[in-house]
Amino acid sequence: MSKKTPQEIVIPKELLPKDGRFGCGPSKVRPEQLQALTTRGAKLLGTSHRQAPVKNLVGSVRDGLRSLFGLPADWDIVLGNGGSTVFWDVATFGLIANRSQHLVFGEFSSKFAEAAAAAPHLGDPEVISTPPGSHPVATTSDVDLYAYTHNETSTGVAMPLRRPANSGDAIVAVDATSAAGGIMWDPTEVDVYYFAPQKCFAADGGIWIAACSPKAVARIEEIHASKRWIPASLDLKIALDNSRSNQTYNTPAVGTLILFDEQVQWMNSNGGLQWCADRSATSASTMYEWAEARDFATPFVADPAMRSNVVSTIDLDGVDANEVCAALRANGVVDTDSYRKLGRNQIRVGMFPAIDPSDVAQLTRCIDYVVDNLTD
Ligand SMILES: *Cc1c(COP(=O)(O)O)cnc(C)c1O
């Protein structure tokens, strides 16, 4: 067979996934969620977020998350506008008392460390890093916040969440943006579990959510009482007070909340977090076993224990990943591109719960077909 350009490749219909969205955020939105925008949404969109119908929607998201994560009754679900990136600034103002420790193992984990380092009111953060493809381990230290990343979306590495030994009053804050809803975790090991809804929750971006333990709430109150200057839109105490009455400080995107609530209900009604985690784990074994069986593919994360079940990164050899992604895109299979700053000949595949494991299996067949047709 002669070599084809990516645009010339036509993948046979029987190999195509039912849904071709494999991005790591924004990620696949289920058709039923979109439908809800015109049914439930017809009554909610365009109405006040200070009135009962939208407040009940926010309440439903908060209750649904509490049950999905199996949180004790004394935990708070806090939300605000701006996504996880804004939450780093929120945390820099309202969660770090003096000094934080950051485990840095990719682009996202480095950003919170940079925000803390730049804050004039905080001491220099302690940064423990490892090269992309693995993760560091926290060491007990003279800090008041430990910053973890449950799943480093830029590299496809997931880390277990364990509170450091003898960490006293320090709180553990976890960036779970791409992990929340797809990987199990134990609330006794964590104080703040924050994320945004465009990954496992299959909604749109633009809001941040933080599940906060009583210890985290005590920290928020303590910093508030210290009279530190905090811009109101980044003030976690203001966000906490608003969230407790099922509101946000300023206007939220009601459409995003509807998509989000539909996904949380779908997750809970199918069996909760364990069901979601199992579904992503099934997709992940398909991807990694496929890559290990191919001469042209290798899982980027060498240690199987560190491989993510929600974001897989696969190095390619002897074939250009950009051409593979272009051929897939020309056939409606999109966003398999690697994280650009990682700079590897790699594909990256989202395996969030909304993505059907059988579609992940179809994706591997599509890649086989493309590679076969791109190379002689
Ligand atoms: C996507 C992502 C972010 C950024 O989320 P935004 O809502 O776009 O700010 C932060 N951290 C991790 C781990 C992510 O996957």
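Order of listing sets the numbers, starting from 1, for every ligand and every atom in it. Note that these values count all heavy atoms, side chains included, but never hydrogens, waters or copies made by symmetry.
Applying the ring-ring contact (aromatic ring centres under 6.0 Å, His included) test to pairs two or more places apart or on separate chains, those with a residue in residues 214-258 are Phe93-Trp229. Screening residues 342-376 for ring-ring contact (aromatic ring centres under 6.0 Å, His included) gives no qualifying pairs among residues at least two apart or on separate chains.
Regarding atom 9 (O) of ligand 1, its nearest protein heavy-atom neighbour is Thr85 OG1, 2.5 Å. Shortest contact from atom 5 (O) of ligand 1 to any protein heavy atom: Ser84 CB, 3.6 Å. Taking atom 11 (N) of ligand 1 as the reference point, the nearest protein heavy-atom neighbour is Asp175 OD2, 2.7 Å. Taking atom 10 (C) of ligand 1 as the reference point, the nearest protein heavy-atom neighbour is Phe108 CD2, 3.4 Å.
The option from Gln198, His150, Lys199 that lies nearest to atom 7 (O) of ligand 1, judged by heavy atoms, is Gln198.
Put simply, the side chain of Glu152 never gets that close to the backbone of Ser134: no donor and acceptor are under 3.5 Å apart.
Of the charged side-chain nitrogens involved, none lies within less than 4.0 Å of a carboxylate oxygen, so that Lys111 and Asp175 do not count as a salt-bridged pair. Ion pairing between a basic and an acidic side chain is recognised when a charged N comes within 4.0 Å of a carboxylate O; Asp191 and Arg163 show such pairing.
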(request) Check step by step if side chain to side chain contact (heavy atoms under 4.5 Å, CB included) holds for Arg21 and Asp335. (result) CA-CA 7 Å; Arg21 289 171 288 181; Asp335 299 337; 5.7 Å; no
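With ligand atoms numbered from 1 in the order given, ligand 1 contributes 10 (C), 11 (N) to contacts under 4.0 Å with heavy atoms of Trp88. Atoms of ligand 1 found under 4.0 Å from any heavy atom of Ala196 (numbered from 1 in listed order, with element): 7 (O). Heavy-atom contacts of Asn151 reach the following atoms of ligand 1: 13 (C) (cutoff under 4.0 Å). Taking every heavy atom of Thr153 and a limit of under 4.0 angstrom, the matching atoms of ligand 1 come to 12 (C), 13 (C), 14 (C), 15 (O).
Taking the six-membered ring where the residue is Trp, the centroids of Tyr193 and His150 are separated by under 6.0 Å.
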